[in-house]
Amino acid sequence: MKNANTSKSLATATAFLTSRAATTSVVGALSSLSFTLRDPSLLPLDGGGADEKTFSVFNPANKNVIATVESMGKVDTTRAIDEASKALPSWKDETTGVQRGAILQKWSDLLHANTDDLATIMTLESGKPLAESRGEVSYAASFLSYYAGEALRPTSAGGGIIIPTPFSSGAGAAPRGTLLAMKEAVGVTGLITPWNFPLAMITRKVGPALAVGCTVVLKPSELTPLCALAVRRLGERAGLPPGVFELVTSDTATTPEVGDELCTNPNVKKISFTGSTPVGKYLMKRSSDTVKRLSLELGGNAPFIVFPSADLPAAVQATLASKFRNAGQTCVCADRFLVHSSINDEYLSLLLDAMEKQIVVGDGSEEGVTMGPLITSRAVDNVMEKIDEAVSMGARVVTGGSRLASLGDNFMEATVVTDVDPDSRLWKEETFGPVIALRSFDTEEEAIDLANDVNVGLASYFCGGDMGQVMRVIKRLETGMVGVNTGIMSTAVAPFGGVKESGLGREGSPIGIEEYLETKYVYLDS
């Protein structure tokens, strides 16, 4: 709901910041586009110079080139950091939370208003079905709306606490002084986002960063830069001044130098990264010389346990939601399924029937498709290699297990593999594909031990109706998030993050805004 005060705050902030903003802004140029949008200005063509280095963006469904984007490197990244540094003082110190929140809310409204175009872009560059893409647009917008509100709260920049003084002028004397703990924006923040949620992972980081007064330099995945270009365009329309949100697009070859510059440049005070655990570890090492704040949302390998007290039809629906969204290519997808031996056959029968009826594989832009391609043919190779190894170790493929060459190189069947050895890669490693690796268990203790026997701990899921058992299992699962009787639990209002080697920090919720704040202690003697 809008009101006159919100509109006035937005107008005031936009006019003020435009007059004080840096004169330039850094953003990757788009030199070709093979599809049309309702609003072509979302992805305007720059043309580029004759000597401009570019890279191609491909549609995973057919490997066609859908766009050509500027490939930027270390020099461009340094320039982007410099512009973000110039914009920081006015954005951080000369705006209020009300003003920043008004811009974020308008930005969220613009995402909703452009849902069809954003979903089209997302499906073409990531492969996910249009219905999932539309859902992600709404999910992405929710982070901007949520942090528009959080920008105003005492937990945001400018807020803090007053601490009762322990000091006095002497024995029996009155208390002396005032103690304050004040919240301030960290500063320039480097954001590195993945391809599997090419819009929501941006707003989940940008929302809290901008809400508290940080400026940002974003490096999106080289596989999905178009969503980043479009959402930044909408941010400009919402009132973000130049320098507040810089965008560096890079190809596979230049990505390492862009990442290194973000990690080693002393003007960048924080890195937020979503991606694989090995890359997260590398970024930690590279950031250590400048002792940066870090938020790392890394790999998962989620267990999904089905206890005898579970509602089996509901458990099957939770399975489908958790496993096959985005063709199994999410960090919180369930990978390792543990089903009690007394219900294993019934669960498997219901699951196979539901998969047959509900999963339709194809080009995500086609009506009725519920599962699209994997992001690359190499991703399919990796999943197939894990299945083959598991079978060689005694596992059985009960459905699927093959490529769908008739659809294209990046497609494979939704697959269930049973009797999976816990020492196989299919069990030990995150799969990132549409494969259920399943084995049965006999006792609660056995299920918990198998669930926790990995070096990561992002999400876990289980289904059961025994509330005593539910509370025991919640406490014993070694993950940052637990879904009970559900397969999807992500929301802007809840903290998202893991333990073990699944990362550091949390995103979303009031806790997520703390990642972009420093605490300054002040003692006022009196």
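In this chain, residues are counted from 1 in sequence order. FYI, side chains are in, hydrogens and waters are out, and symmetry mates aren't considered; it's all heavy atoms of this structure.
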- Message: For a quick test of reading the model, state the closest non-hydrogen atom pair linking N267 to V188 and the distance between them.
- Response: O-CB, 3.4 Å

- Query: Hey, does the side chain of R233 reach the backbone of S41 with a donor-acceptor pair shorter than 3.5 angstrom?
  - Reply: yes

- Assign the ring pair Y461 / F304 to parallel, tilted or perpendicular, where the plane angle (0 to 90°) is split at 30° and 60°. parallel

- What are the two closest heavy atoms between R100 and A157, and how far apart are they? NH2-CB, 4.3 Å

- Query: Say you draw a straight line from CE of M72 to NZ of K219; how long is it, rounded to the nearest 0.5 Å?
  - Reply: 11.5 Å

- Message: Check whether Y147 reaches the backbone of S509 with its side chain - one donor and one acceptor, N or O, closer than 3.5 Å.
- Response: yes

- Would you find a donor on one side and an acceptor on the other, under 3.5 Å apart, between the side chain of E125 and the backbone of L226? yes

- Looking at I513 and T155, what are the two nearest heavy atoms and their distance? CG2-O, 4.0 Å

- Quick check: are there more than 12 heavy atoms from other residues, nucleotides or ligands sitting under 6.0 Å from CE of M489? yes

- Walk me through it: do K183 and E514 pass the test salt bridge (Lys or Arg N to Asp or Glu O under 4.0 Å)? CA-CA 9 Å; K183 299 292 185 180; E514 295 174 6; over 6 Å; no

- When rounded to the nearest 0.5 angstrom, what is the spacing between CG in L124 and OG1 in T224? 12.5 Å

- Query: Does the side chain of L262 reach to within under 4.5 Å of the side chain of V217, using non-hydrogen atoms?
  - Reply: yes

- Is it possible for you to check whether K205 lies under 6.0 Å from the centre of the six-membered ring of Y516, through NZ or CZ, and within 45° of that ring's axis? no

- Backbone N or O of L517 within a donor-acceptor pair of the R293 side chain at under 3.5 Å? yes

- Task: Could you tell me whether the side chain of S108 and the main chain of A141 form a donor-acceptor pair under 3.5 Å?
- Result: yes

- Message: If you define the side chain from C-beta out and look only at heavy atoms, does anything of I375 sit under 4.5 Å from F58?
- Response: no

- Quick one: pull up CZ in R325 and CG in N196 and give me the separation to the nearest 0.5 Å. 9.5 Å

- Task: Rounded to the nearest 0.5 Å, what's the gap from CG on L298 to CG on L458? Could you check?
- Result: 8.5 Å

- Flag side-chain contact, heavy atom, 4.5 Å: F245 against W107: yes

- Item | T95 vs S90 side-chain heavy atoms within contact, under 4.5 Å | no

- Query: Looking at P303 and A459, what are the two nearest heavy atoms and their distance?
  - Reply: CD-O, 3.5 Å

- Could you tell me whether the side chains of S85 and D82 share a donor-acceptor contact shorter than 3.5 Å? no

- Message: Here's one to test your reading of the geometry: is the NZ or CZ of R204 within 45 degrees of the ring axis of F496 and under 6.0 Å from its centre?
- Response: yes

- Might you work through the side-chain hydrogen bond (donor to acceptor under 3.5 Å, both in side chains) test for K292 and T290, ending with a clear yes or no? CA-CA 6 Å; K292 298 194 193 306; T290 48; 3.1 Å; yes

- Could you walk me through whether E518 and K269 pass the salt bridge (Lys or Arg N to Asp or Glu O under 4.0 Å) check? CA-CA 11 Å; E518 295 283 14; K269 304 303 181 185; over 6 Å; no

- Message: Can you tell me if L524 has over 12 outside heavy atoms packed within less than 6.0 Å of its CG?
- Response: yes

- Query: Side chains of I474 and F462: closer than 4.5 Å at any heavy-atom pair?
  - Reply: yes

- Answer yes if the side chains of N455 and E501 hold a donor-acceptor pair under 3.5 Å, and no otherwise. yes

- Could you check R237 against D39 for salt bridge (Lys or Arg N to Asp or Glu O under 4.0 Å), going step by step and ending with a plain yes or no? CA-CA 13 Å; R237 294 180 188 177; D39 179 5; 2.9 Å; yes

- Message: Between K74 and D260, does the salt bridge (Lys or Arg N to Asp or Glu O under 4.0 Å) criterion hold? Intermediate values first, please.
- Response: CA-CA 8 Å; K74 179 181 184 298; D260 278 349; over 6 Å; no

- Flag the pair L179 / V522 as yes when at least one side-chain heavy-atom distance between them is below 4.5 Å, and no otherwise. no

- Message: For the SG atom of C214 and the CD atom of E515, what is their distance to the nearest 0.5 Å?
- Response: 11.5 Å

- Message: For T479, is there any backbone N or O sitting under 3.5 Å from a side-chain donor or acceptor partner on S460?
- Response: no

- Can you check whether E246 reaches R232 side chain to side chain, under 4.5 Å on heavy atoms? yes

- CG of N114 to CG of L37, rounded to nearest 0.5 Å, is 9.5 Å

- Query: Is there a donor-acceptor contact under 3.5 Å linking the side chains of T255 and S250?
  - Reply: yes

- Check whether any side-chain N or O of S168 sits under 3.5 Å from a backbone N or O of A174 as a donor-acceptor pair, and report yes or no. no

- Query: If only atom types and distance count, is the side chain of T330 paired as donor or acceptor with the main-chain N or O of C333 below 3.5 Å?
  - Reply: yes

- Task: Identify the two heavy atoms, one from E478 and one from V499, that lie closest to each other, and give their separation to 0.1 Å.
- Result: O-CG2, 3.5 Å

- What one should report as the nearest heavy-atom pair of R336 and A451 is NH2-O, 2.9 Å

- Side-chain heavy-atom pair S145, Q105 within 4.5 angstrom cut-off: yes

